[in-house]
Amino acid sequence: MTTILVTGGTGTLGRLVTERLRADGHEVRVLSRHSRPYAVDLREGGAGLDEAVAGVRTVVHCASSPKGGDERAAENLIAAARRAGVEHLVYISIVGVDRVPFGYYRSKLAVEKLVQESGLGWTVLRATQFHDLLVQLFGALAKSPVLLLPAGVSDQPVEVAEVADRLAELASGAPAGRVADMGGPEVRTFESLAHTYLKATGRRRAVLNTPLFGGTYRAFREGGHLAPEHAVGKGTFAEYLERRFGGGADR
């Protein structure tokens with residue numbers, strides 16, 4: 001088996017990817033800002049990064065931050081990977097990064113381009129939003145007596161464990177370029193998803209759909225972030241909520 005480095009290996013996705021790869025018999029190194037022995041901030045790079053990639057065949061790049069810095073982090077990682085002779089760089093991206101003019105999406109698309117032009121063997125997988133993210137979003141919105149939603153927007157959440165399985169599979173194989181997108185099993189309106197969340201958590205909130213403006217909202221409303229033709233995920237949002245909250249335990 002090979003030695004694989006997982007960046008962001010303590011995060012929601014990276015932790016599961018690490019578990020899958022180790023279960024398959026790979027030696028896995030976890031790179032994270034606060035996880036020793038490879039505690040590295042990719043935005044800064046340095047000797048610690050070179051140590052982390054030394055002797056590694058494959059890198060699975062899961063580290064990302066909506067606060068910015070992803071492009072610089074990718075540049076540092078790619079440079080270190082080249083010096084170390086890494087053979088395969090696997091990157092997880094988001095469905096719609098080339099169709100939705102959202103700042104974070106634009107950054108992810110820019111990193112895709114860096115990966116493709118790196119000179120390394122590469123694989124890019126785009127997935128729809130994780131169930132966990134919707135729970136975070138609805139939890140924040142539900143702090144108000146009225147849960148305000150963008151009118152006319154749908155989503156296609158996917159189970160993070162299924163994405164982790166797919167990434168582990170890709171990391172174990174040869175570079176495959178841009179592979180087929182991975183979407184959740186259902187495309188549902190935000191309103192429908194919000195009501196499912198409220199019921200599962202035992203909360204009572206009024207739900208109000210609010211029209212917004214601008215190109216980003218229009219792209220989301222038109223479904224630029226969806227992949228109904230790649231609805232390969234199995235776990236539904238309702239099933240995820242049942243496992244997490246047990247039908248209203250988070251009252």
Side-chain angles (χ1 to χ4, degrees), residues 4 6-21 58-66 70-71 73-74 77 88-116 122-138 153-173 175-190 193 216 219-220 222-241 243-244:
I4 299 176
V6 179
T7 73
T10 60
T12 300
L13 175 62
R15 174 177 51 81
L16 295 177
V17 173
T18 297
E19 290 176 1
R20 302 300 194 273
L21 290 170
T58 298
V59 174
V60 183
H61 187 28
C62 296
S64 185
S65 173
D70 278 8
E71 293 166 62
L77 177 63
H88 189 188
L89 175 58
V90 182
Y91 180 57
I92 179 66
S93 190
I94 305 172
V95 169
V97 292
D98 54 345
R99 300 191 296 262
V100 179
F102 181 49
Y104 181 53
Y105 281 27
R106 285 174 169 166
S107 179
K108 298 288 284 187
L109 182 61
V111 173
E112 282 190 15
K113 184 176 180 181
L114 289 171
V115 169
Q116 293 165 11
W122 60 273
T123 301
V124 170
L125 170 67
R126 292 180 182 175
T128 54
Q129 306 295 334
F130 301 153
H131 297 314
D132 311 62
L133 181 63
L134 281 185
V135 167
Q136 292 175 22
L137 173 63
F138 292 145
V153 176
S154 296
D155 205 9
Q156 188 183 356
V158 67
E159 175 59 53
V160 64
E162 295 178 18
V163 178
D165 287 342
R166 178 63 172 142
L167 276 179
E169 177 186 25
L170 292 169
S172 299
R178 168 84 187 281
V179 298
D181 294 346
M182 186 170 185
E186 302 174 316
V187 176
R188 297 177 55 186
T189 65
F190 254 48
L193 292 165
T216 298
F220 277 123
E222 292 173 352
H225 61 304
L226 306 177
E229 69 281 12
H230 296 292
V232 296
K234 304 298 182 185
T236 67
F237 187 55
E239 290 168 343
Y240 169 81
L241 293 173
R243 291 197 310 272
R244 179 161 176 176

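In this text the structure is predicted, and so the values were computed from the model without any measurement.
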CG (Leu16) and CG (Leu21) are apart, to the nearest 0.5 Å, by 11.0 Å
- Measure the shortest side-chain to side-chain distance between Val95 and His230 over non-hydrogen atoms and say whether it is less than 4.5 angstrom. no
Smallest heavy-atom separation, Val187 atom then Ser154 atom, equals CG1-CB, 4.0 Å
CG (Asp165) and CG (Leu170) are apart, to the nearest 0.5 Å, by 11.0 Å
Less than 4.5 Å apart, side chain to side chain, heavy atoms only: is that true for His131 and Glu159? yes
By ring pair (Phe, Tyr, Trp, His ring centres under 6.0 Å), Tyr91 pairs with (sequence neighbours left out) His61
Closest non-hydrogen atoms of Arg20 and Ala161, given as atom of the first, atom of the second and distance, are NH2-CB, 3.3 Å
Any side-chain heavy atom of Leu167 sitting closer than 4.5 Å to one from Leu13? yes
What one should report as the nearest heavy-atom pair of Cys62 and Ile92 is CA-CG2, 3.9 Å
Next on the checklist: Quick one: does any side-chain atom of Thr123 pair with a main-chain N or O of Ala176 as donor and acceptor, under 3.5 Å?
Outcome noted: yes
- Query: Are Pro185 and Lys234 close enough that some pair of their side-chain heavy atoms sits under 4.5 Å apart?
  - Reply: no
Rounded to the nearest 0.5 Å, the OG1 atom of Thr216 sits from the CZ atom of Arg106 at a distance of 6.5 Å
Glu19 bridged to Arg15 by N-O distance under 4.0 Å: yes
Taken in chain and number order and not counting sequence neighbours, the residues that satisfy side chain to side chain donor-acceptor pair (under 3.5 Å) with Thr236 are Glu239
Taking Ala63's backbone N and O only, do any of them form a donor-acceptor pair with Thr7's side chain (distance below 3.5 Å, no angle check)? yes
Where does the angle between the aromatic ring planes of Tyr105 and Phe220 fall among parallel (under 30°), tilted (30 to 60°) and perpendicular (over 60°)? perpendicular
Between Leu125 and Ala180, the two heavy atoms sitting closest are CD1-O, 3.4 Å
Review point. Hey, mind stepping through Phe138 and Leu241 against side chain to side chain contact (heavy atoms under 4.5 Å, CB included) and telling me if it holds?
Key: CA-CA 12 Å; Phe138 292 145; Leu241 293 173; over 6 Å; no
One should read off an interatomic distance between Leu226 CG and Gln129 CD, to the nearest 0.5 angstrom, of 9.5 Å
Closest non-hydrogen atoms of Ala74 and Leu114, given as atom of the first, atom of the second and distance, are CB-CD1, 4.1 Å
In this structure, CD1 of Ile94 is separated from CZ of Phe102 (nearest 0.5 Å) by 8.5 Å
Across all chains, not counting sequence neighbours, the salt bridge (Lys or Arg N to Asp or Glu O under 4.0 Å) partners of Asp98 are Arg126
Thr128 and Pro157 have their tightest heavy-atom pair at OG1-C, 4.3 Å
Discussion item. For the residue pair Glu112 / Ser93, report whether a side-chain donor-acceptor contact shorter than 3.5 Å exists.
Written reply: yes
Notebook entry, point to check: Going through the checks in order, is the side chain to side chain contact (heavy atoms under 4.5 Å, CB included) test met by Gln136 and Leu133?
Noted result: CA-CA 5 Å; Gln136 292 175 22; Leu133 181 63; 4.1 Å; yes
Please work out which of the three classes, parallel, tilted or perpendicular, describes the rings of Tyr240 and Phe237, given edges at 30° and 60°. parallel
Do His225 and Asp155 come within less than 4.5 Å of each other through their side chains, counting heavy atoms only?
yes
So CD of Gln156 and CG of Leu134: to nearest 0.5 Å the spacing works out to 11.5 Å
- Message: If we ignore hydrogens and angles and just use 3.5 Å, is the side chain of Ser107 paired with the main-chain N or O of Asp70 as donor and acceptor?
- Response: no
